[in-house]
There are 2 protein chains.
Amino acid sequence: MTTDVSAAEPPVPACPGPGPDEARWLSEDEQLAWRAWLFSSLLLHDRLDRDLIRETGISHAYYEILVQLSETPGHSLRMSELAERCLSSRSRLSHAVARLEERGWVRRQVCAEDGRGQLAVLTDEGFAALEGAAPVHVESVRTHLLDQLSPQQITAMRDIGETLLRHLAPR
Amino acid sequence: MTTDVSAAEPPVPACPGPGPDEARWLSEDEQLAWRAWLFSSLLLHDRLDRDLIRETGISHAYYEILVQLSETPGHSLRMSELAERCLSSRSRLSHAVARLEERGWVRRQVCAEDGRGQLAVLTDEGFAALEGAAPVHVESVRTHLLDQLSPQQITAMRDIGETLLRHLAPR
DNA sequence: GCGGAATAGTAAAGCCTTCAACTACGCTAG
DNA sequence: CTAGCGTAGTTGAAGGCTTTACTATTCCGC
């Protein structure tokens, strides 16, 4: 087999000994671990998002915005702070908040301290929508993630996630 | 605080004892594990995809199509088989293959055995593009994932991923 | 205060994905 | 053989996300 390519192996097998600027290809084990993570995370995100949309009409991205606002005293956040907490670009958040505004779940308010800023504020209707969606989402997270794993696996998952977060989102 | 909402806690705290059709809220530990997984996986997908696009102009979704084709004898697959392996809908794959065709990396060919079917075939140019991109991508997977984790964590990650896959993609 | 740089947020264009038809072909019962 | 159904794949419209550019406001050094 001289024509296999994957994340683990080069399209053309690497030389026996790695050369000076030879890329470090993945071992069999690394490959299997990486692909298992890749596919399982894609499938899980997809599943949770679809469940939530089907049963509540709220995508996970929008749900996250509502959650972040609800967790804040005053149920409001500056647009950029909200974007950061939602792992969203400012532009993306701006679009998303516009749509949530149309639904009457969030409203914008000019920021008192900084005339440039906008405050996204969760409305009562938005809070009610979140109250309705939260149990559905939690159930879905349980069914497809937590119920599938042993307590040790859940601990390990947290450990791995936190390790990666320190690298990917320092501070 | 009676107004916090997250994936773990209800918008209004649940009653002390869970009622009959009371949702099962997440414990503190479950919540932390779930959120760590959620954010780290979002950030990692995003990071790997951006690295690949920036350095090669190929998104991870397109890269995966090329990989799957390259791993097949004959460097070709039926459209629906390819869609399944890429965790993609048929429509999505159809659009994507159209773009890859424009780049000259894939071509379509009617299937001999089944007149309804199409075969996606990797071209030599497509294979060359993959050869160029693979080392970049592998390096990125190493830097942001494998190098961050201990051997035990990598083993645990694989174990968790495979467990979830059995649930999410049975068979 | 004032001119320039930096920051907050929005808007527009283009690509990607989804959803819902729609075409074309194959399979099977009568 | 042919009607009807199921399967393979594509298409087009709608909406979301990214990128880039733009406006408005604030900050800072003088």
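Sequence lines set the chain letters: A, B, ... in the order given, protein chains first and strands last, and positions in each chain run from 1.
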Visitor: Tell me which one of A:Asp49, A:Asp51, A:Leu52 satisfies side-chain contact (heavy atoms from CB on, under 4.5 Å) with A:Ser140.
Guide: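 Looking at A:Asp49, A:Asp51, A:Leu52, the match for A:Ser140 under the side-chain contact (heavy atoms from CB on, under 4.5 Å) is A:Asp51.
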
Visitor: The side chain of B:Ser94 is closest to which nucleotide in this list: C:dT18, D:dT11, D:dA8?
Guide: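 Of the options given, the side chain of B:Ser94 lies nearest D:dT11.
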
Visitor: How far apart are the C-alpha atoms of B:Glu64 and A:Arg35, what are their side-chain angles, what is the distance that settles it, and do they pass the salt bridge (Lys or Arg N to Asp or Glu O under 4.0 Å) test?
Guide: CA-CA 11 Å; B:Glu64 189 65 33; A:Arg35 302 290 279 182; 2.7 Å; yes

Visitor: Send over the distance from A:Leu82 CG to C:dA8 P, rounded to a whole Å.
Guide: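 Rounded to whole Å, this separation is 14 Å.
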
Visitor: Between P on C:dT18 and CZ on A:Arg50, what's the gap in Å once rounded to a whole number?
Guide: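 The distance from CZ of A:Arg50 to P of C:dT18 comes to 6 Å, rounded to the nearest Å.
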
Visitor: Whole-Å distance between C:dT7 P and A:Arg90 CZ?
Guide: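 So the two atoms are 9 Å apart, to the nearest Å.
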
Visitor: Does any N or O donor sit under 3.5 Å from an N or O acceptor when you compare the side chain of B:His95 with the base of D:dG12?
Guide: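 Indeed, a donor on one side and an acceptor on the other fall under 3.5 Å apart.
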
Visitor: Can you measure A:Leu93 atom CG to C:dA8 atom C1' for me and round it to whole angstrom units?
Guide: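 One finds 12 Å between C1' of C:dA8 and CG of A:Leu93, rounded.
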
Visitor: Side chain of A:Arg116, base of C:dT7: donor and acceptor closer than 3.5 Å?
Guide: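 Pair found.
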
Visitor: Would you kindly give the CD-to-P distance between B:Gln118 and C:dA24, to the nearest whole Å?
Guide: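 Atom-to-atom, B:Gln118 to C:dA24, this comes out as 13 Å.
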
Visitor: For the ring pair A:Trp34 and B:His137, is the centre-to-centre distance below 6.0 Å?
Guide: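 That pair passes the under 6.0 Å test.
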
Visitor: Starting at the 5' end of DNA chain D and moving along, which residue's nearest nucleotide shows up first, B:Ala98 or A:Ser88?
Guide: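 Upstream on the strand: B:Ala98.
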
Visitor: Under the criterion side chain to side chain donor-acceptor pair (under 3.5 Å), I'd like the reasoning laid out for A:Ser70 against A:His75: C-alpha separation, chi angles, the key distance, then a yes or no.
Guide: CA-CA 5 Å; A:Ser70 79; A:His75 286 184; 5.7 Å; no

Visitor: Using only heavy-atom distances, decide whether a donor-acceptor pair under 3.5 angstrom links the side-chain of B:Ser91 to the base of D:dT11.
Guide: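 Donor-acceptor pair under 3.5 Å: yes.
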
Visitor: Within this structure, what is the CD-to-C1' distance between A:Glu101 and C:dG9, rounded to whole angstrom?
Guide: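 From A:Glu101 CD to C:dG9 C1': 13 Å.
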
Visitor: In whole angstrom, what separates B:Leu52's CG from D:dT18's P?
Guide: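 Rounding to the nearest Å, CG of B:Leu52 and P of D:dT18 are 16 Å apart.
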
